[in-house]
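For reference, the structure discussed in these notes is given below.
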Amino acid sequence: MTAFLIALVLVVAAAGLLRWRRPAWYWLVFGVTFAVLRVLVRYVSVMDACGLTVPPSRWRLALARITNRPVPESRVPRILRVRPTRTGLVLRLKLRPGQDAFDVSSASDRLRHSFGMYGVTSRELRSGVVEVRMTGYDVLKRVQMPAVADTRPMRVPVALREDGSVHYRDYRAVPHGLTLGATESGKSVYQRNLVAGLAAQDVALVGIDCKQGVELFPLARRFSALADNPDTALELLEALVTHMEDVYQLIRAQQRISVNVPDAQIAADIWDLPADMRPVPVVVLVDEVAELALFATKDQEKRRDRIVTALVRLAQLGRASGIYLEICGQRFGSELGKGITMLRAQLTGRTAHRVNDESSANMAFGDIAPDAVLAAIQIPTETPGIAVTGDSSGGWARIRAPHTSLRQAVNICNKHADRTPDLPALEPFRPAVAPLPSARVPLSKTASATT
């Protein structure tokens, strides 16, 4: 008996230590079992308390009266599947007639408290079927990306969502993106993760960093073109517009539209072209867009108008030619001048880190997801890297990118430097870098000469 008590105390102590220091390990060893039992035992009572039940149907009431039986109880959504994950549980529910996905979404906070979970989110899979994702601990406190991610061409994992799933930046689905954030909010780390993910793919990276290149120039070995001042940025953007027009001429020459050509073989963008003729896609990263839009003289104003015009043209027409924009800044409002709101309207993907005022959050989500504005201004200063992401569908989620140091990002870019494509239109802007040092350093003994 004494040995059993000692073993029990050791197990409880180990569980407490794991929950404090390694919540992910605690969840996989202890938490998932307790959570499944809590959900299955409390399910009916919790659904009833949260108002997620429907009264019995008329035929059941009539049958109870005919057979002189008690009135049947209200019915709860039927559990189709319970799936444990490394961060929580996933419940798939079949809704009863009269229920909809909004009922489950509005009760998510009550479900979180009732089941003793850290977070609960829901989404509709199809008509009458809702997926409820529960997290057992704060997955954004210490971000651990899964070892295996579902990577595809032009789709890279960049962060972890609050429900434990991976947040992907998919340029085929969302061509252009806007990232906002105050100083020390984690915007640069998010950008490093994006560059590190794209470095291993067959894509040309183009950078515009008007902060004298301190953010992007250390990664220069993987970039096909870089600009560190507004004058060079203007020339680079206009070269990209020319490259875009050349790609459209290539697509048009390969269409060969006739009555004998099926629809699936008619090229409308670079992804419809044969692989041996497909131009390399280009991702343009602008580190601080305000430096391109501000001006102090008439000449700078003319330069600024040409820069904004080129960006708007690339945002409106660049997707089919394989040119994608990733624009970062602290603010992105109408105070930056004419054409800025037109450019913002073309940037479908929105990500906002901690901002200094509500108007900055409105610049990101006011026109697509008003509910995300409140979440963006509530990001605390002591948790850099946490952001709110959304798109034109109106949905949004809290994410956090894993911390990637500049040294780690440089090593990844150097490792994949051989993937950097040579684009003739961008050759004048190719950064000049020294060759990588040899991996092996020859060892030699030199005798000191004495005279």
Side-chain angles (χ1 to χ4, degrees), residues 15-39 81-92 104-105 108-123 130-151 155-170 179 181 185-187 189-190 192-194 196-197 351-354 371-372 374-376 378-391 395-405 408:
L17 182 63
L18 284 177
R19 189 170 187 177
W20 175 44
R21 300 294 295 176
R22 291 290 185 268
W25 295 1
Y26 169 81
W27 172 257
L28 293 175
V29 177
F30 301 101
V32 63
T33 303
F34 297 150
V36 171
L37 292 176
R38 275 199 309 269
V39 169
R81 186 175 67 179
V82 179
R83 178 169 60 90
T85 66
R86 69 182 186 91
T87 59
L89 296 176
V90 178
L91 270 68
R92 185 166 295 183
V104 181
S105 177
S108 59
D109 202 48
R110 286 172 284 171
L111 294 174
R112 176 175 69 89
H113 289 290
S114 301
F115 288 132
M117 306 297 287
Y118 184 83
V120 174
T121 59
S122 66
R123 66 186 182 98
V130 173
E131 182 182 81
V132 179
R133 300 186 68 95
M134 304 180 181
T135 51
Y137 58 96
D138 187 3
V139 298
L140 301 184
K141 184 177 181 180
R142 183 182 297 171
V143 177
Q144 294 180 343
M145 300 291 286
V148 180
D150 184 17
T151 56
R155 183 174 186 260
V156 294
V158 292
L160 198 66
R161 290 176 176 253
E162 62 180 343
D163 61 359
S165 61
V166 178
H167 175 67
Y168 294 91
R169 181 67 176 94
D170 191 347
T179 303
S185 63
K187 188 169 72 272
V189 175
Y190 179 85
R192 288 175 203 159
N193 280 276
L194 191 59
T351 302
H353 294 74
R354 177 180 53 81
D371 294 341
L374 182 62
Q378 290 179 341
I379 298 176
T381 57
E382 61 270 13
T383 55
I386 290 183
V388 177
T389 183
D391 53 37
W396 61 274
R398 295 173 74 243
I399 64 171
R400 191 176 191 182
H403 179 72
T404 301
S405 66
Q408 292 173 322

So, using side-chain hydrogen bond (donor to acceptor under 3.5 Å, both in side chains) as the criterion, who are the partners of Y137 when residues are at least two apart? none
Residue set satisfying side-chain hydrogen bond (donor to acceptor under 3.5 Å, both in side chains) with D109, at least two apart, ordered chain then number -> R112
Contact between [X] and [Y] at the side-chain level, heavy atoms closer than 4.5 Å - yes or no?
| X | Y | value |
| --- | --- | --- |
| H167 | V158 | yes |
| P157 | T151 | yes |
| I399 | Y190 | yes |

With sequence neighbours excluded, tell me which residues meet side-chain contact (heavy atoms from CB on, under 4.5 Å) with [X].
| X | value |
| --- | --- |
| V189 | R192, N193, H403 |
| S185 | K187, H353, R354 |
| S122 | V104, S105, V130, V132 |
| Q408 | T404, S405 |

Test of understanding: with salt bridge (Lys or Arg N to Asp or Glu O under 4.0 Å), list the residues that count as partners of [X], not counting sequence neighbours.
| X | value |
| --- | --- |
| R123 | E131 |
| R86 | none |
| R398 | E162 |

Straight-line distance of Y118 OH to T87 OG1, nearest 0.5 Å: 12.5 Å
Approximate separation, where rounding is to 0.5 Å, of L91 CG and R83 CZ: 10.5 Å
Is there a donor-acceptor pair under 3.5 Å between the side chain of [X] and the backbone N or O of [Y]?
| X | Y | answer |
| --- | --- | --- |
| Y168 | D150 | yes |
| R400 | P384 | yes |
| S165 | R161 | no |
| R133 | G119 | no |

